[in-house]
Amino acid sequence: FFQAEDGIRDEGMCLEFRRVLFRSLPLFISPQIWYVFSYFNSDAFALFVLFIITYQVLMDTSSFNRYLHGHPRPVITVVRGIGLGCLFSLLFLIKKNFYIFPVFLFLYFLLQLYLKRFPDPLLILKKLVLILITALCVFSAYYTLHVAVNGWHPTENISKMQEKTAEEDFKPSVGPKQMYFATDLRDKGFSLSHVWKNMAWGHITFMSSFGVYGNMHFYHSAEYYHIIQLFLIFVLAAIFYDLLRSRSLDGNGWLLALVVVCSAILVGASLLNSWIADFQAQGRYLLPIVPMIGFFLYSARHILNRTRIYFFVLVLFFFSSYSFIFLGLRYIPKL
């Protein structure tokens with residue numbers, strides 16, 4: 001437990017305190033978020049790291065904010081900075097699609113500086129630099145070990161092993177024309193619009209963001225996803241209405257724009273990867289958007305209609321629970 005200055009006890013159990021719950025609401029909107037924690041993958045750990053970092057950045061009583069805004073002895077400040085640097089270094093040791101989140105954090109802090117949210121910007125920058133240097137040192141140690149084990153050109157070793165063990169249509173030597181139909185689509189002569197329209201990348205990605213299980217084998221009818229899509233459009237319209245109705249956005253408009261831009265970059269990168277490398281229309285690659293939405297909801301909690309937001313999340317949680325229980329748990333193969 002932490003003891004906040006306003007006397008409000010705060011802890012990591014998001015269901016007990018509304019202040020913490022509001023930034024965690026995106027966790028309830030999709031069964032795909034829960035599903036990644038049910039099988040062997042690196043998405044679950046990366047999402048866990050992002051929410052730990054989100055908690056540290058947003059909550060006033062967190063170790064990170066006490067480090068930034070406190071004035072203890074220099075030795076204690078340095079020790080805390082190094083410890084937090086080790087925590088933030090995890091952002092560089094997770095899957096590449098989650099790298100958009102450090103970019104989002106960087107732009108978020110630039111926005112806070114632009115809005116003059118820090119009473120002593122120079123001191124804050126010095127403390128942030130200490131965290132960054134520590135994180136880079138940890139990453140450098142990891143990368144040095146990686147090079148020592150795999151050499152300077154690990155992709156060559158991967159290609160050699162792929163050539164040695166893969167099935168015939170996955171061997172690099174056969175060339176892009178003869179390789180598996182869903183790989184190297186650009187080199188095969190297919191356009192990006194073909195990937196989006198004819199191969200339905202956008203539609204499949206949306207489906208697999210809100211309830212597709214197994215090896216993309218178990219999913220609902222098209223009507224189910226259409227209902228979810230329409231409801232999400234309604235939710236976004238309501239949020240925009242609250243923003244426009246507020247006479248003081250207090251930087252939340254900029255933050256929403258930041259979330260939208262970073263989300264668009266992530267979606268674009270995922271689409272390009274499906275076109276250039278391997279067709280993977282999977283919503284789990286877009287999971288970094290979830291904590292970014294949490295950033296916005298928590299920052300804009302004073303101008304959003306909370307009752308309406310809770311209702312929206314409750315409806316999505318109902319759909320998610322139905323999907324996860326009656327489709328996912330029912331049809332996923334058991335050991």
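This chain uses plain numbering: 1 for the first residue, then up along the sequence.
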Where P288 and L50 come nearest, the two heavy atoms and their spacing: CA-CD2, 4.0 Å

Think R308 forms a cation-pi with F311, using NZ or CZ under 6.0 Å from the six-ring centre and within 45 degrees of its axis? no

So do the side chains of L27 and F51 get within less than 4.5 Å of each other, counting heavy atoms only? yes

Where the side chain of Q32 meets the backbone of G211, is there a donor-acceptor pair that is under 3.5 Å apart? yes

Check for a donor-acceptor pair, side chain of N305 on one end and backbone N or O of T307 on the other, with a separation under 3.5 Å. yes

Those residues that, when tested against R73, pass salt bridge (charged side-chain N to carboxylate O under 4.0 Å, His left out) (two or more places apart): none

Got a sec, which residues hit side-chain hydrogen bond (donor to acceptor under 3.5 Å, both in side chains) with D43, two or more places apart in sequence or on another chain? K95, R284

Quick one: side-chain hydrogen bond (donor to acceptor under 3.5 Å, both in side chains) partners of R245, sequence neighbours excluded? D242

Mind listing the side-chain donor-acceptor pairs of residues 312-329 below 3.5 Å, one per line with the distance, residues two or more places apart or on another chain?
residue : atom : partner : partner atom : Å
S320    : OG   : I29     : O            : 3.0
S320    : OG   : S30     : N            : 3.4
S320    : OG   : L316    : O            : 2.8
S321    : OG   : F317    : O            : 2.8
S323    : OG   : Y213    : OH           : 2.7
S323    : OG   : H220    : NE2          : 2.8

Of I158, N157, T165, which meets side-chain contact (heavy atoms from CB on, under 4.5 Å) against M161? T165

Just wondering, do P154 and H146 contact through their side chains at under 4.5 Å, heavy atoms? yes

Let me check something: any side-chain donor-acceptor pairs from residues 120-134 under 3.5 Å, sequence neighbours excluded? List them with distances.
residue : atom : partner : partner atom : Å
D120    : OD1  : L123    : N            : 3.4
K127    : NZ   : Y67     : O            : 2.9
K127    : NZ   : L68     : O            : 3.1
K127    : NZ   : G70     : O            : 2.9
T134    : OG1  : L130    : O            : 2.9

Nearest non-hydrogen partners of L84 and S63, listed with the distance: CD1-O, 4.0 Å

How far apart are the closest heavy atoms of L58 and G294, and which atoms are they? CD1-O, 4.2 Å

For a quick test of reading the model, state the closest non-hydrogen atom pair linking M216 to Q282 and the distance between them. SD-CG, 4.3 Å

Quick test of your reading: applying side chain to side chain donor-acceptor pair (under 3.5 Å), list the pairs with at least one residue in residues 75-92, sequence neighbours left out, ordered by first then second residue. none

Give a yes or no answer on whether the side chain of Q162 reaches the backbone of P172 with a donor-acceptor pair at less than 3.5 Å. no

Check: W34 side chain, F28 main-chain N or O, donor-acceptor pair, under 3.5 Å: no

Taking C-beta and beyond as the side chain, do H203 and M207 meet within less than 4.5 Å on heavy atoms? yes

When every non-hydrogen atom of L266 is compared with those of N97, the smallest separation belongs to CD1-O, 3.3 Å

Dump the intermediate steps for side chain to side chain contact (heavy atoms under 4.5 Å, CB included) on T205 and Y285, then the final yes or no. CA-CA 9 Å; T205 298; Y285 294 152; over 6 Å; no

Find the distance between CG (L258) and CG (N252) and round it off to the nearest 0.5 Å. 12.0 Å

So, D187 side chain and I276 main chain: donor-acceptor pair closer than 3.5 Å or not? no

S270 side chain vs L286 backbone, donor-acceptor pair below 3.5 Å: no

Can you find a pair of side-chain heavy atoms, one from V78 and one from I82, that are under 4.5 Å apart? yes

Would a distance-only check, ignoring hydrogens and angles, find a side-chain to backbone donor-acceptor pair under 3.5 Å from S159 to T155? yes

Evaluation steps, ring pair (Phe, Tyr, Trp, His ring centres under 6.0 Å), between Y39 and Y35: CA-CA 7 Å; Y39 60 95; Y35 182 45; 4.9 Å; yes

Same apolar cluster (I L V M F W Y, side chains within < 4.5 Å links), F106/V103: yes

Check whether any side-chain heavy atom of W275 sits under 4.5 Å from a side-chain heavy atom of L271, and report yes or no. no

K188 side-chain N/O to A182 backbone N/O, donor-acceptor pair under 3.5 Å: no

Flag yes if M179 and F190 sit in one hydrophobic cluster, no otherwise; membership is Ile, Leu, Val, Met, Phe, Trp, Tyr, and two members link when side-chain heavy atoms are under 4.5 Å apart. no

If we only count heavy atoms from C-beta on, is the D169 to V174 side-chain gap below 4.5 Å? no

Specify the closest pair of heavy atoms between S246 and I303, including all atoms of both residues, with the distance to one decimal. OG-CG2, 3.4 Å

Measure from the side-chain N and O atoms of S299 to the backbone N and O of F296, and report whether any donor-acceptor pair falls under 3.5 Å. no

Please tell me if the side chains of V212 and Y225 come closer than 4.5 Å, counting only heavy atoms from C-beta onward. yes

Using the ring centroid of each side chain, check whether F64 and F88 are separated by less than 6.0 Å. yes

Do V138 and F92 come within less than 4.5 Å of each other through their side chains, counting heavy atoms only? no

Classify the ring geometry between F101 and F295 as parallel (under 30°), tilted (30 to 60°) or perpendicular (over 60°). perpendicular

D278 (side chain) donor-acceptor with D184 (main chain) under 3.5 angstrom: no

